[in-house]
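Have a look at the structure below before the remarks.
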Amino acid sequence: MSQLKAAIIGCGGVARVHAHAINDNTDAQLMATVDIIEERATKYAHKYGHKTCKAYTDYKEMLKDPTIDVVHVCGPHYLHAPMVIDALKAGKHVLSEKPLAINLEQANEMIAVSEKSERNLGIILQNRYNLASCEAKKVINEGKIGKILGARAFVTWYRTKEYYLDSNWKGTWDKEGGGVLIDQAIHTIDLMQWFLGEVDWVQGSWANRFHPYIQVEDVAEALIQFKSGARGILFATNYYTYDSNIILEIHGENGKIFIEKDKARIETGNESYVVEESQEVKEGKSYWGSSHATQIADFYNDINLGKKHWIGAREAKKPLDIVLSIYKSQGQKVEFPL
Ligand SMILES: NC(=O)c1ccc[n+]([C@@H]2O[C@H](COP(=O)([O-])OP(=O)(O)OC[C@H]3O[C@@H](n4cnc5c(N)ncnc54)[C@H](O)[C@@H]3O)[C@@H](O)[C@H]2O)c1
């Protein structure tokens with residue numbers, strides 16, 4: 001099998017995690033980097049790329065290179081949709097960062113284009129690959145904690161003034177598409193819906209209390225009512241005093257699963273045990289977890305097998321739907337499907 005030639009669009013914070021994962025993968029080689037800030041594209045090409053890696057400032061120019069097989073989209077949220085669609089239409093496999101998109105129109109177009117395309121589209125929701133998440137999913141599927149009655153999730157992190165002021169897109173509705181919900185809490189919302197299934201309705205609220213210089217919410221809460229009858233409770237904020245461990249508990253009629261960051265405590269009728277990530281977080285922030293590389297390797301493996309990646313546009317729209325429903329809710333019930 002020849003190596004797949006990769007490109008990264010958007011050489012900012014998260015791109016280095018992708019670059020490392022590409023370099024650690026014997027199936028892949030970084031051959032192009034793109035950023036509207038030329039210096040960033042060049043720096044990434046030199047630091048992480050193959051010796052013939054090319055740096056671009058216009059991603060559409062890079063897409064004309066027929067030797068590029070896979071495009072990693074690591075740009076601002078509002079550009080995920082156009083970058084993904086352009087790359088798929090140029091015949092590339094695409095792996096994009098979360099969230100899928102910032103609104104339903106973009107999301108639906110991405111589903112339509114990707115399902116028509118013969119190429120693979122994957123959306124990074126790496127926490128589904130955490131050992132704790134995989135064990136929780138298995139225990140739930142095997143019925144070991146019985147019928148799921150509810151779940152509660154707490155994301156209490158801290159984003160500083162500099163985090164927002166140093167960015168020209170974070171903190172805005174038109175470019176980030178929201179705040180703590182669409183950017184940070186979406187991973188935990190995704191895990192909750194992955195464990196609990198289809199949503200019936202959502203009722204929630206959001207506000208900005210601590211970051212007056214941004215447009216979007218820095219706190220939100222919701223009741224997520226699942227079709228199974230299970231109730232999901234969510235609280236998320238960006239104005240705690242540090243990035244505390246995320247908590248996600250699943251309550252079943254015969255037991256409980258308590259996930260704290262990357263550790264799960266499983267309590268069923270007759271056993272109690274702990275599953276914990278053994279890998280160190282090698283690249284990126286510790287609260288991003290260590291599963292980016294695992295999902296990226298899985299995506300490349302799917303390309304080689306000619307198999308569609310399991311977290312495509314339709315799958316990644318599920319947590320986005322919950323996020324968008326909370327924005328819409330403002331205290332009112334929002335029925336699904338949106
Ligand atoms: N999965 C995770 O845990 C995780 C963690 C962090 C960030 N992310 C996601 O990664 C994405 C990027 O976030 P970030 O924190 O790295 O942002 P960032 O602002 O640090 O990087 C984005 C980069 O894109 C570049 N860019 C902007 N417009 C462009 C264009 N038209 N063409 C090419 N490049 C362009 C910017 O110059 C910047 O260098 C977001 O979707 C974010 O939500 C995911």
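Ligands are counted one by one from 1 in listed order, and the atoms in each one are counted from 1 as well.
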If you measure every N/O of Tyr59 against every N/O of ligand 1, is any gap under 3.5 Å?
no
For His309 and Gly122 the tightest heavy-atom approach is CD2-CA, 3.8 Å
Note: Cys11, heavy atoms under 4.0 Å from ligand 1, region reported as backbone
**Q.** Test: Glu253 and Lys147 ion pair at under 4.0 Å
**A.** no
N or O pair under 3.5 Å between Val14 and ligand 1: yes
A student comparing Glu97, His18, His77 should find that the heavy atom closest to atom 43 (O) of ligand 1 comes from His77
### Task
Inspect the contact between Lys307 and Asp302 and indicate whether a charged nitrogen and a carboxylate oxygen are less than 4.0 angstrom apart.
yes
Got a sec: does the CD of Glu115 have more than 12 other heavy atoms crowding it under 6.0 Å? yes
Shortest non-hydrogen pair, Tyr164 vs Glu176, comes out as CE2-OE1, 4.2 Å
Note: Thr57, heavy atoms under 4.0 Å from ligand 1, region reported as neither
Can you confirm if the NZ or CZ of Lys175 lies within 45° of the ring axis of Tyr78 and under 6.0 Å from the centre of its six-membered ring? yes
Nearest heavy atom to atom 18 (P) of ligand 1, choosing from Gly10, Ser167, Gly13, Pro99, belongs to Gly13
Going by distance only, is there an N or O of Arg40 that falls short of 3.5 Å from an N or O of ligand 1? yes
Note: Leu125, heavy atoms under 4.0 Å from ligand 1, region reported as neither
Looking at Ile36, Ile186, Leu100, the heavy atom closest to atom 33 (C) of ligand 1 belongs to Ile36
Ligand 1 atoms nearer than 4.0 angstrom to some heavy atom of Gly12 are 16 (O), 20 (O), 21 (O), 23 (C), 39 (O)
Show every donor-acceptor pair shorter than 3.5 Å between a side-chain atom in residues 89-96 and any protein atom, with sequence neighbours excluded, or say none if there are none.
| residue | atom | partner | partner atom | Å |
| --- | --- | --- | --- | --- |
| Lys92 | NZ | Asp65 | O | 2.6 |
| Lys92 | NZ | Ile68 | O | 2.9 |
| His93 | ND1 | Asn120 | N | 3.0 |

Original post:
Does the gap between the ring centers of His211 and Tyr239 come in under 6.0 Å?
Top reply: no
The answer for which part of Lys98 has a heavy atom under 4.0 Å from ligand 1 is both
